[in-house]
Amino acid sequence: MSKIYIILMHTKTIPAKLIKWVTHSNYSHVALSFEKECNTLYSFGRRNLHSIINSGFTIEKKKGPFFQTFNKTTCKIYEVEIEEEKYQRIKKIILEMQRHKERYKYDFIGLVLRYFKIPIRLKNHYVCSYFLANLLEESGVYTFAKKSYFVRPKDFENIAIGNEIYQGEYQKYK
């Protein structure tokens, strides 16, 4: 058995505050880590510290510029124990996305349309919650009761596959 970590976050950026306001949720973002310390996070979001225009597949470091700037980010972390085969599938998908990260874009259009329950799927376009829900589905770890492109960050609080191991400021976590 191996473990993955699902991190719900609120970065307190302007886009995050807008998402939080629209969704009425405590968290506006979700990411994945392979390490208990959650020093490296995989998700979909901004690639540039000062602009959301060039957004897509991201690998963020806890000690990197984003979290050093937005150092009051709050989070809730879930530890999920999974079979080694499923863990390796997730790693393989992430590695492939990392190799071709320029292909993967943030789904600004879908973000708006999904709010109005209009299903849309653009190839290689994701938002953070759709990315992670799809990743869990493709690897056989978990399938939500709704289509993965309708999953929101708050939906990860209600899945029964993980145990909450931390809640508080991200920078203060281990």
Under 3.5 Å, side chain of [X] to main-chain N/O of [Y], donor-acceptor pair present?
X	Y	result
Lys105	Glu102	yes
Ser129	Val151	yes
Lys3	Glu79	no
Lys174	Lys36	no
Glu35	Thr40	yes

Between [X] and [Y], is there shared hydrophobic-cluster membership here, with clusters defined by ILVMFWY side-chain heavy atoms closer than 4.5 Å?
X	Y	answer
Ile165	Leu132	no
Met97	Leu41	no
Val141	Ile77	no
Leu95	Ile93	no
Met1	Ile161	no

Could you pull out the closest heavy-atom pair between [X] and [Y], with the gap in Å?
X	Y	answer
Tyr149	Pro119	CE1-CB, 3.4 Å
Phe57	Lys101	CD2-CB, 3.9 Å
Ile120	Gly110	CG2-CA, 3.7 Å
Thr69	Pro65	OG1-O, 2.8 Å
Cys128	Ser28	SG-O, 4.3 Å

Q. What about the rings of Tyr170 and Phe67, do their centers lie closer together than 6.0 Å?
A. yes
[X] side chain near [Y] side chain, heavy-atom distance below 4.5 Å:
X	Y	answer
Tyr166	Cys75	yes
Ile4	Leu32	yes
Ile159	Val80	no
Tyr104	Asn124	yes
Arg46	Phe66	yes
Phe108	Ile52	yes
Phe70	Leu49	yes
His125	Ile109	no

Q: Evaluate the criterion side chain to side chain contact (heavy atoms under 4.5 Å, CB included) for residue pair Gln171 and Gln68; output intermediate values, then yes/no.
A: CA-CA 9 Å; Gln171 289 297 340; Gln68 293 304 303; 3.8 Å; yes
Q.
Please evaluate residues Val127 and Tyr106 with respect to the criterion side chain to side chain contact (heavy atoms under 4.5 Å, CB included), reporting the C-alpha separation (whole Å), side-chain torsions for both, the decisive distance (0.1 Å), and the verdict.
A. CA-CA 6 Å; Val127 297; Tyr106 193 86; 3.7 Å; yes
Q | side-chain hydrogen bond (donor to acceptor under 3.5 Å, both in side chains) partner of Tyr130, the single match among Arg121, Arg114, Arg152 | A | Arg121
Q.
Tyr42 and ring-ring contact (aromatic ring centres under 6.0 Å, His included): which single residue from Phe131, Tyr5, Phe34 fits?
A. Phe34
Can you tell me how far apart [atom1] ([X]) and [atom2] ([Y]) are? Round to the nearest 0.5 Å.
X	Y	atom1	atom2	result
Ser25	Asp155	OG	CG	8.5 Å
Thr74	Leu8	OG1	CG	10.0 Å
His50	Thr13	NE2	OG1	13.0 Å
Ile59	Arg47	CD1	CZ	10.0 Å
Thr73	Lys172	OG1	NZ	12.5 Å
Lys62	Asn71	NZ	CG	12.0 Å

Q. Looking just at side-chain N and O atoms, do Thr11 and His29 make a donor-acceptor pair shorter than 3.5 Å?
A. no
Q: Tell me yes or no: between the side chains of Glu84 and Ser2, is some donor less than 3.5 Å from an acceptor?
A: yes
Q) Would Tyr142 and Ile6 count as a side chain to side chain contact (heavy atoms under 4.5 Å, CB included) if you check the C-alpha gap in whole Å, the side-chain angles of each, and the deciding distance to 0.1 Å? A) CA-CA 12 Å; Tyr142 186 79; Ile6 296 172; over 6 Å; no
Q) Got a sec: does the NZ of Lys12 have more than 12 other heavy atoms crowding it under 6.0 Å? A) yes
**Q.** Carboxylate-amine/guanidinium proximity below 4.0 Å for Glu96 and Lys92
**A.** no
